[in-house]
Novice: 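Let me begin by handing over the structure; questions about it come next.
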Amino acid sequence: MPKETYHIYVIELSKKVFTENRKFREANPQFNGVLECLYVGMTSKTPKERFEQHKTGYKNKKGYKISATIVEKYGMYLRGSLYQHIAPLKTREAALKMEETLALELRRKRYAVWYN
């Protein structure tokens with residue numbers, strides 16, 4: 001059986017998130033309103049499947065909500081051009097590190113970014 005791989009993905013959020021969500025605003029003091037608001041995540045599913053889970057408020061078999069409320073409310077679509085250059089990763093730890101690396105890189109470019 002093939003080992004599970006992890007994918008990094010980026011979702012564009014409505015700019016309303018910046019005006020309506022204090023935590024998001026506080027996490028992005030560098031944001032100047034020109035570029036987009038983004039959510040960076042990682043998943044063992046395809047980015048498309050994970051986006052659908054976020055948008056539907058998906059709960060796992062144990063009944064825990066595993067979708068991000070910020071994406072459920074403000075998520076618009078996947079931004080493939082911002083993550084498709086990243087190859088699938090072999091471990092969860094590597095994926096979590098890459099998620100943070102990409103999120104911080106996008107913040108440096110003046111996007112407003114949320115990640116877990």
Novice: List the atom of Ala112, the atom of Asn28, and the distance in Å for their closest heavy-atom pair.
Specialist: CA-OD1, 3.3 Å
Novice: Quick one: do His7 and Lys45 satisfy side chain to side chain contact (heavy atoms under 4.5 Å, CB included)? Show the steps, please.
Specialist: CA-CA 7 Å; His7 302 273; Lys45 310 236 179 284; over 6 Å; no
Novice: Taking the side chain as every heavy atom from C-beta outward, state whether Tyr115 and Leu38 have any pair of such atoms under 4.5 Å apart.
Specialist: no
Novice: Just one of Glu49, Arg50, Lys55 clears the side chain to side chain donor-acceptor pair (under 3.5 Å) bar with Gln53, so which one?
Specialist: Arg50
Novice: Heavy atoms only: give me the nearest Gly63-Lys59 pair and the separation to one decimal.
Specialist: O-CD, 3.6 Å
Novice: Could you grab the distance from atom CG of Leu96 to atom OG1 of Thr91, nearest 0.5 Å is fine?
Specialist: 8.5 Å
Novice: Quick one: closest heavy-atom pair of Asn116 and Trp114, and the distance?
Specialist: OD1-NE1, 3.5 Å
Novice: Quick one: does Glu36's side chain get under 4.5 Å of Leu13's, heavy atoms only?
Specialist: no
Novice: Considering only NZ, NE, NH1 and NH2 on the basic side and carboxylate oxygens on the acidic side, decide whether Lys48 and Glu52 come within less than 4.0 Å.
Specialist: no
Novice: Does Arg110 use its side chain to pair, donor to acceptor, with the backbone of Leu35 at less than 3.5 Å?
Specialist: no
Novice: Given side chains that start at C-beta, do those of Val17 and Tyr39 come closer than 4.5 Å, heavy atoms only?
Specialist: no
Novice: Listed by chain and number, what are the ring pair (Phe, Tyr, Trp, His ring centres under 6.0 Å) partners of Phe18, not counting sequence neighbours?
Specialist: Phe31
Novice: If we only count heavy atoms from C-beta on, is the Leu89 to Thr5 side-chain gap below 4.5 Å?
Specialist: no
Novice: Are Lys97 and Glu93 close enough for a salt bridge, meaning some N to O gap below 4.0 Å?
Specialist: no
Novice: Please assess Met76 against Ile11 for the test side chain to side chain contact (heavy atoms under 4.5 Å, CB included), listing each intermediate value before the final yes or no.
Specialist: CA-CA 7 Å; Met76 298 192 315; Ile11 295 170; over 6 Å; no
Novice: For residues Leu104 and Met42: do they belong to one hydrophobic cluster (side chain heavy atoms under 4.5 Å, members Ile, Leu, Val, Met, Phe, Trp, Tyr)?
Specialist: yes
Novice: So, using ring pair (Phe, Tyr, Trp, His ring centres under 6.0 Å) as the criterion, who are the partners of Tyr6 when residues are at least two apart?
Specialist: none
Novice: Is the CZ atom of Arg92 crowded by more than 12 outside heavy atoms at less than 6.0 Å?
Specialist: no
Novice: Please check this pair: side chain of Asn32 against backbone of Val34, looking for a donor-acceptor N/O pair closer than 3.5 Å.
Specialist: yes
Novice: Before accepting this row, confirm whether a basic side-chain N of the pair Glu4/Lys90 lies closer than 4.0 Å to the acidic partner's carboxylate O.
Specialist: no
Novice: Restricting to pairs with a member in residues 8-21, which pass side chain to side chain donor-acceptor pair (under 3.5 Å), not counting sequence neighbours?
Specialist: Tyr9-His54, Glu12-Tyr77, Glu12-Arg79, Glu20-Tyr74
Novice: Between Ile86 and Met98, is there a side-chain heavy-atom distance shorter than 4.5 Å?
Specialist: yes
Novice: If you define the side chain from C-beta out and look only at heavy atoms, does anything of Tyr111 sit under 4.5 Å from Cys37?
Specialist: no
